[in-house]
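Reading through the structure tokens given below for one structure.
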2 protein chains.
Amino acid sequence: MNYRFSSKVDTFTSSAVREILKLTQRNNIISFAGGLPAEEHFPVAAIGEAFQRVLAAGNKALQYGLTEGYTPLRESICEWMGRKGIKVTPEDMLLTTGSQQAIDLLTRIFIDAGDVILVEKPTYLSALQVFRSYGARIVSVDADEDGMDAADLAAKLKQYRPKLVYVIPTFSNPTGKAWSVERRKAVLKLCRENDALILEDDPYGELKFGDASVAYPSIFSLDEHPNGSGVVYTSTFSKTVAPALRTGWVMGDPEIIRHMTRVKQAADLHSSSLDQQTLYQLMKHFDLDGHIEFVRGEYEARMRQMADLLKEQQWPGVKWNEPKGGMFFWLELPESVDTAELMKTAVDFGVAFVPGVSFFADDAAKKNRLRLNFTHNDFEGTIEGFKRLNRAMETVLVK
Amino acid sequence: MNYRFSSKVDTFTSSAVREILKLTQRNNIISFAGGLPAEEHFPVAAIGEAFQRVLAAGNKALQYGLTEGYTPLRESICEWMGRKGIKVTPEDMLLTTGSQQAIDLLTRIFIDAGDVILVEKPTYLSALQVFRSYGARIVSVDADEDGMDAADLAAKLKQYRPKLVYVIPTFSNPTGKAWSVERRKAVLKLCRENDALILEDDPYGELKFGDASVAYPSIFSLDEHPNGSGVVYTSTFSKTVAPALRTGWVMGDPEIIRHMTRVKQAADLHSSSLDQQTLYQLMKHFDLDGHIEFVRGEYEARMRQMADLLKEQQWPGVKWNEPKGGMFFWLELPESVDTAELMKTAVDFGVAFVPGVSFFADDAAKKNRLRLNFTHNDFEGTIEGFKRLNRAMETVLVK
């Protein structure tokens, strides 16, 4: 049998992180690779109670649901976001299988092969996977600690006429930085002027460290919305509750949400409504904000531990910035080091990270970067992981 | 803001059934429209127990999972299918968000705009939605009570060189018929000879009525497999356990499964692993086959009730065949009746069905067909629904 695959099939690449995740599941490896939350902090008992409430409400809970998602959960999310200053109604919202699906559906309704998408340099590797799978031309925009570079963005908006601009402005993956408010406003203004829709991916916004009074308003909330919004916003329960429930949401202009809903209907009818109903009961009967506050504190402590360990190593020529939130350290090694090669050595020593090259959209990829997750391992695991990582580093760094 | 959607966005249509489902959720309507299982037979207590077992096994249950799906569930499905004579290993299987997602992913890896897909006449409307969304050219093949017409298929394989042939050979949606073994073999042979991959959609195979000794072997099992298989097979727990868990599976040649897994990784990372783990515990500790046997008996009784009611009405010029399994009656009305118009009247009288036109791929759509679901309503509901349906019928049928 000769299989006649689509011409795009070769663009469906497997992500480095997913492959590493597989590897680490099989071996006794300490992994700083995946963006995994701390398992010991999952609200297991509360999820169990929420699930029993769902089943107690009657058999209808197990029937087919709406493509848009379970209405009471959409209402709860709207109310919750309202308390954070983001006004949105359930009609402007679609529930998805994680925010990954929101990225996929939005790309599917906007991109024809050859259309341009602008991204940060560097950016989330699995978003790049999606964009490539639809034949998009991905162009990366320079960035500094305050966010996307406005001058470079302006030039690339004119040059490429992109349909979409994909950003993670709050505790970005992989760099952990937070854009300044001024930069958010500048990017929004430029994109609106050029009819380039912003896809704001915000999985980490709740995981903020340091001074609680410092606010990072979403770009979505800085725009008038939802009608005619220049921003589509997506977030998820994967980092605040648990990933296994695979529940994300996406909000934006009703016309966009309507098109996304239609294509989702074809893609999978709807996401798990059992998970959605469980999350609704959880939001109703469990102190989610208190839980997030707790997790945030734990993650900040883990981040500080890793920051201290990084300093202690005194690895020559290795630089990083302290993340303002989220899940990752982003390390720059000396130019001579190829972190994809280093990774092989590291796995031999029993430790894993993600080589930086996967986070770059185009040929200008930096080979001397790597990403470390600090949320998944406990203190002990991180100390042991750093011992192993240090052994790997010693093979490439001259002290 | 001027949204620059993809050129395909107009092909993302909403399905008639989903729209009707919305309607029936809002009003006091008796619906024969959706392919909904009977809610009162969902194994709620067993699902609750299975879920508690999942949580009791530890926090890791709530972590990210593999794109391929929860390995123990894939193993259990393989074992279960093995007992039905279908040999498959977990490596040749991917878990999906219902079998709907399997249809979407397979289409995505095979179809470029303009490629041809052959389908039965009539066929599952939401598969048509998927195919259209990828710009496929859909050509329908004639069929009789024994299945797809081999001569017409042979001619169309030569004429169109289709990449895919989509079929529901066992208790088809919408017609409820079961293909003969001879026809299955003939279609398989023809498709293999022409390098046209068969997508065998089998959501209803377990819901078999009548003589238990009559077997309907899947086309997948009639082929050598899985390496080089000419068939990709998909099924789901939606009709045998419950739809809200949104868990389906797809099996086929490892190369095809590998490509589907990669594109699923981009589409949503993985489906709800909480649902998958719950189903694993359910298969382990609950008599699933016994439950299916029970549901099958209930559905057969409901089918017989509706068959009797149909006879009693003595609607002039209305024809149907008794389904051999599954969930649907497929009615042919006099040529003069447009069932889309009749539907409006029916809704006014408080009853719903699906107009047949949605199940036809091309211009040769028959306007005088309609689909009735017999599994969702209980005896009382069905009697009342038929009273209302009769009132609607009286407006178009001359007694």
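Below, chains carry the letters A, B, ... as their sequence lines are ordered, and counting in each starts from 1. Quick caveat: nothing in here was measured; it's all calculated off a predicted structure.
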Please identify, among [options], the residue contributing the most non-hydrogen atom pairs under 4.5 Å to chain B.
| options | value |
| --- | --- |
| A:Leu105, A:Leu274, A:Asp268 | A:Asp268 |
| A:Leu62, A:Asn2, A:Thr107 | A:Leu62 |
| A:Ile109, A:Ile103, A:Thr97 | A:Ile109 |

Turns out that what part of A:Leu164 lies under 4.5 Å from chain B's heavy atoms comes down to neither
Cut-off 4.5 Å, heavy atoms of chain B, and the answer for A:Ala56 is neither
Just by distance, no angles: are the side chains of [X] and [Y] close enough, under 3.5 Å, to form a donor-acceptor pair?
| X | Y | result |
| --- | --- | --- |
| A:Glu39 | A:His376 | yes |
| B:Ser273 | B:Gln276 | no |
| B:Asp275 | A:Ser272 | yes |
| B:Thr278 | B:Gln281 | no |

Taking every heavy-atom pair that is under 4.5 Å apart, which of [options] has the most such pairs with chain A?
| options | result |
| --- | --- |
| B:Gly248, B:Ala102, B:Ser99, B:Pro162 | B:Pro162 |
| B:Ala242, B:Gly98, B:Ala267 | B:Ala267 |
| B:Thr247, B:Thr261, B:Ile256 | B:Ile256 |
| B:Arg132, B:Lys8, B:Met1 | B:Met1 |

Can you tell which part of [X] gets under 4.5 Å to a heavy atom of chain A, answering side chain, backbone, both or neither?
| X | answer |
| --- | --- |
| B:Phe131 | neither |
| B:Gln52 | side chain |
| B:Ala45 | neither |
| B:Ile111 | backbone |
| B:Arg108 | both |
| B:Ser133 | side chain |

Salt-bridge test for A:Arg4 and B:Asp115: reply yes if a basic N is under 4.0 Å from a carboxylate O, no otherwise. no
In terms of side-chain geometry, is the basic nitrogen of A:Lys163 or A:Asp112 positioned less than 4.0 Å from the acidic oxygen of its partner? yes
Measure the [atom1]-[atom2] distance between [X] and [Y] for me, rounded to the nearest 0.5 Å.
| X | Y | atom1 | atom2 | result |
| --- | --- | --- | --- | --- |
| A:His259 | B:Asp10 | NE2 | CG | 7.0 Å |
| A:Leu36 | A:Asn373 | CG | CG | 6.5 Å |
| B:Thr67 | B:Met260 | OG1 | CE | 13.0 Å |

Closest non-hydrogen atom pair between B:Leu95 and B:Lys264, with its separation: O-CE, 3.3 Å
